[in-house]
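Comments concern the structure below.
These numbers come from the heavy atoms of this one structure, side chains and all, not from hydrogens, waters or symmetry mates. Numbers here are sequence positions counted from 1.
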Amino acid sequence: MAQPLIKKDDDRDDEADYSPFLGIEKGAVLQEARVFHDPQLDPRRCSQVITKLLYLLNQGETFTKVEATEVFFAVTKLFQSRDTGLRRMVYLIIKELSPSSDEVIIVTSSLMKDMNSKTDMYRANAIRVLCRITDGTLLTQIERYLKQAIVDKNPVVASAALVSGIHLLQTNPEIVKRWSNEVQEAVQSRAALVQFHALALLHQIRQNDRLAVSKLVTSLTRGTVRSPLAQCLLIRYTSQVIRESGNNPQTGDRPFYDYLEGCLRHKAEMVIFEAARAITELNGVTSRELSPAITVLQLFLSSSKPVLRFAAVRTLNKVAMTHPMAVTNCNIDMESLISDQNRSIATLAITTLLKTGNESSVDRLMKQITNFMSDIADEFKIVVVEAIRSLCLKFPLKYRSLMNFLSNILREEGGFEYKKAIVDSIVILIRDIPDAKENGLLHLCEFIEDCEFTYLSTQILHFLGIEGPKTADPSKYIRYIYNRVILENATVRAAAVSTLAKFGAMVDSLKPRIFVLLRRCLFDSDDEVRDRATLYLQTLGGDGSVVETDIEVKEFLFGSLDAPLVNLETSLKNYEATDEPFDINAVPKEVKSQPLAEKKAPGKKPTGLSAPPTGPTSDVDAYEKMLSSIPEFANFGKLFKSSAPIELTEAETEYAVNVVKHIFDGHVVLQYNCTNTIPEQLLENVVVIVDASEAEEFTEVASKPLKSLPYDVPGQTYVAFQKPDGVPATGKFSNILRFIVKEVDLSTGEAEEDGVEDEYHLEDLEVVAADYMLKVGVSNFRNAWESMGADCERVDEYGLGPRECLAEAVNAVINLLGMQPCEGTEVVPSNSRSHTCLLSGIYIGNVKVLVRLQFGLDANREVAMKLAVRSEDEAVSDAIHEIVASS
């Protein structure tokens with residue numbers, strides 16, 4: 001008896017050697033395809049060649065037009081074979097080759113013959129292929145057959161026609177919409193798959209008509225749908241109608257809620273789960289509405305099927321984010337899932353328990369999780385760590401046990417993302433729970449003693465420099481920090497030097513010891529480390545005297561940098577050594593340069609002042625030079641801010657116009673960038689007529705027309721307005737582009753002497769409050785907030801009305817104020833009920849502003865916001881509140 005070539009338990013690395021497709025080449029397979037021309041066809045061999053061709057196509061191999069045509073014509077000869085298996089392969093290869101319209105005609109007659117065959121398998125596959133390769137012209141010829149196929153008694157044929165209709169709806173919607181009666185009849189079919197496909201197609205036909213969809217759902221929820229798959233689809237469509245219709249104003253009940261609740265008693269498990277999930281995802285769902293769905297999901301937790309357990313625990317995990325009390329009844333069942341063989345189920349069970357557990361159950365959960373953590377992958381561990389962090393913030397008194405747990409898993413093996421998640425959690429707990437500071441800092445110090453990730457070491461050292469000097473005994477951290485100078489790479493050594501200097505600047509009693517350590521760093525092999533040590537010794541007073549560090553020195557060394565680093569780098573590169581020192585206050589404070597874009601023909605580069613060089617010079621510098629060179633605007637003073645270009649015309653119109661708003665202390669200049677996209681026209685005396693009747697605080701003081709605007713050569717026209725000095729005046733401006741148009745002879749390029757006056761209406765333009773705010777970030781918001789002081793702080797609360805989610809409200813306020821989000825706080829976690837957002841910026845008049853926003857979302861989706869503003873001028877703090885209140 002022959003021995004097997006490979007044992008089941010052997011190393012399977014060489015499994016690829018036994019692949020039938022290993023090493024096949026396109027040229028060789030195309031040679032093999034000649035068997036399609038043999039007078040006596042071998043169905044088995046032909047099927048093998050088609051399989052290889054399909055493999056090459058699916059692996060991304062491209063066939064030239066000639067190769068694809070030769071294969072296609074060769075394949076058409078295989079229709080003479082009556083072998084059923086080969087015919088199915090022929091259908092597949094024709095679909096994959098997607099022949100061109102002039103080639104389709106060759107195979108159409110054969111496919112239409114198969115579509116009317118007595119063999120159902122031929123009919124179904126022929127329908128699929130014809131609908132895939134046909135165009136609108138041929139489709140009208142076979143439409144009658146497709147309609148008959150939709151109501152065919154054979155479910156395979158009917159499903160093929162319906163699925164083809166779903167695909168054709170994307171390319172020929174008018175034809176497919178004429179099949180509504182037949183599709184409606186197919187919805188009543190007893191075949192499960194036919195009913196499923198028919199319902200999907202019928203909904204797609206009506207999806208743009210909300211009333212029609214509502215009527216469809218109303219008629220079908222009365223019990224005519226038998227297929228579990230179709231029932232799941234109907235539940236999804238019902239949920240969509242509920243979301244769009246809202247509650248009944250008289251009774252307060254939801255339409256169709258009774259249908260969803262009734263589906264919880266269906267005999268098919270997929271329908272029960274789909275209904276339970278739909279109920280849990282309803283907007284503003286109440287505890288009474290949730291109760292039956294939670295009960296059903298609780299039963300699934302003890303199911304013998306892993307997929308049901310996973311689906312139930314994942315849904316409950318999402319519910320726990322918004323309604324943790326509703327899930328508490330399932331806690332006992334979920335605790336038994338911690339030991340589930342499926343690690344995904346176990347992870348979800350643990351994270352759900354951490355969200356729903358009470359303070360007394362924390363210690364018990366920690367013991368169970370400790371045994372569990374070593375068995376799961378890093379991606380699941382990160383989820384658990386984030387859940388533990390949330391639990392600790394929920395129960396601050398339990399910080400010791402939770403912090404110890406985090407420190408223990410921090411010492412275990414793990415990847416970068418996992419370790420970063422733990423470090424981030426400890427940092428957040430230190431910041432938000434004062435009692436946890438000492439304990440947490442020591443855990444971080446022990447971690448960097450044996451940390452393999454440079455990024456984490458530098459981040460922890462930076463954090464130590466901020467929080468360490470504020471503790472009761474800062475000296476105990478010095479040993480851990482200096483060990484990094486001795487044992488680590490250059491990047492970590494440089495970070496350690498900066499941290500030592502922070503201790504020396506903040507704690508005067510430690511200065512002598514810090515100076516000794518910094519002097520040792522002067523002999524380091526890396527120039528960055530030596531330079532930092534030299535800088536800190538000079539600025540802190542390296543003579544060893546114990547004196548209080550000046551506030552200016554602390555601000556210079558460790559304060560937040562107002563200017564973005566990229567702008568600082570650019571300014572330093574452009575600085576030419578002279579008798580005047582470099583002035584850091586002259587560095588532009590825009591967060592990022594936005595290119596001045598204008599519409600232009602493809603392949604053409606913009607020219608003129610509308611396209612300043614995209615080199616190191618920032619846009620503000622380029623704009624300021626440009627505006628100061630125009631006599632009408634030369635005395636407006638220093639430019640505060642220039643906006644990004646705002647389009648005033650739609651794409652592909654005759655004239656492309658966008659506008660840039662230039663904000664000065666007492667003026668606003670509107671720069672209209674214009675492009676003529678018609679080759680046969682030359683525009684002259686181009687000017688924008690601005691109606692400022694809805695902008696009462698603005699007075700037009702100057703304008704600069706554009707003499708000539710040839711084809712595809714951008715040009716600029718300007719209008720300047722005066723406004724009260726330092727006041728964030730807002731208003732709406734109507735714009736009309738007025739010009740004289742002259743016809744151009746394309747053969748000579750010369751324009752006619754006489755022209756016709758014409759005008760072109762542009763979109764309206766608004767000057768808003770955000771235009772008076774520069775987006776300027778701060779490196780450490782907390783330090784900047786505390787150093788700003790509470791003297792000019794203003795705090796108030798506002799109702800923002802109903803919103804779909806918190807993220808919508810957060811983005812609306814950020815856009816309203818035009819400030820820079822800090823520390824990634826603009827990102828709102830999904831399903832979050834509360835959120836804090838930190839913003840910073842510079843208000844007109846060069847006044848620094850910091851904003852702390854706290855949002856809350858109640859059960860009725862109403863958003864409340866607490867706004868705290870700190871600035872260098874109390875009038876500016878009041879102005880920020882006024883902007884929010886008036887909007």
N/O donor-acceptor pair under 3.5 Å between Thr221 side chain and Thr218 backbone: yes
Main-chain N/O of Thr649 paired to Thr653 side chain as donor or acceptor, under 3.5 Å: no
Smallest separation among heavy atoms of Ala161 and Ile127, with atom names: CA-CG2, 3.9 Å
CZ/Arg343: more than 12 non-hydrogen atoms of other groups inside 6.0 Å: yes
Least distance between heavy atoms, Ala807 atom then Val828 atom: CA-CG2, 3.8 Å
Full working for side-chain contact (heavy atoms from CB on, under 4.5 Å) between Met865 and Leu867: CA-CA 6 Å; Met865 180 183 76; Leu867 169 63; 4.2 Å; yes
Ile279: which of Leu264, Leu297, Ile242, Val296 passes side chain to side chain contact (heavy atoms under 4.5 Å, CB included): Leu264
side-chain contact (heavy atoms from CB on, under 4.5 Å) between Glu185 and Glu182, intermediate numbers included: CA-CA 5 Å; Glu185 187 179 336; Glu182 288 77 12; 5.6 Å; no
Closest non-hydrogen atom pair, Ser227 against Gln195: N-OE1, 2.8 Å
Gln854 side chain to His835 backbone, donor-acceptor under 3.5 Å: no
Lys/Arg cation over aromatic Tyr122: Arg87, 6.0 Å, 45° cone: yes
Heavy-atom donor-acceptor pair, Ser214 side chain to Arg210 backbone, under 3.5 Å: no
Distance flag, aromatic centroids of Tyr237 and His203, threshold under 6.0 Å: yes
Carboxylate-amine/guanidinium proximity below 4.0 Å for Arg178 and Glu174: no
Salt-bridge present (Lys305, Glu269; N to O < 4.0 Å): yes
Met121 backbone acceptor or donor facing Thr119 side chain under 3.5 Å: no
Atom pair OG/CZ of Ser159 and Phe196 - distance to nearest 0.5 Å: 9.5 Å
Residue pair Leu853 / Val810, side-chain heavy-atom distance below 4.5 Å: no
Over all atoms of both residues, closest heavy-atom pair of Ala326 and Leu290: CB-CD1, 4.1 Å
N-O pairing of Asp152 and Arg123 below 4.0 Å: yes
Separation of Leu169 CG from Ser164 OG (nearest 0.5 Å): 12.5 Å
Whether over 12 other heavy atoms sit under 6.0 Å from Arg314 CZ: no
Pair Ile205-Ser180, side-chain contact (heavy atoms from CB on, under 4.5 Å): steps then yes or no: CA-CA 8 Å; Ile205 290 172; Ser180 289; 3.9 Å; yes
Sub-4.5 Å side-chain heavy-atom contact between His881 and Tyr798: yes
Which atom of Ile382 lies closest to which atom of Ala421, heavy atoms considered: CG2-CB, 4.0 Å
Short N-O contact, Glu808 and Arg803, less than 4.0 angstrom: yes
Whether Phe273 and Phe300 hold their rings parallel, tilted or perpendicular, with breakpoints at 30° and 60°: tilted
Asp120 side chain to Asn154 backbone, donor-acceptor under 3.5 Å: no
Flag if over 12 foreign heavy atoms under 6.0 Å of CG, Leu211: yes
Ile175 CD1 to Lys147 NZ distance, which is reported to the nearest 0.5 Å: 10.5 Å
Closest heavy-atom pair and its distance - Val327, Thr352: CG1-CG2, 4.1 Å
Ser344 vs Phe310, side-chain contact (heavy atoms from CB on, under 4.5 Å): CA-CA, chis, key distance, verdict: CA-CA 7 Å; Ser344 298; Phe310 175 77; 3.9 Å; yes
Side-chain donor/acceptor of Thr351 to backbone N/O of Leu348, under 3.5 Å: yes
Pairwise distance CG(Leu130) to OG(Ser110) - rounded to 0.5 angstrom: 10.0 Å
Rounded distance [0.5 Å steps], NZ in Lys95 versus CG in Leu54: 10.5 Å
Test item: Thr825 side-chain N/O and Leu838 main-chain N/O as donor-acceptor pair under 3.5 Å: yes
Main-chain N/O of Ser303 paired to Arg309 side chain as donor or acceptor, under 3.5 Å: yes
Any donor-acceptor N/O pair, His197 side chain to Ala158 backbone, under 3.5 Å: no
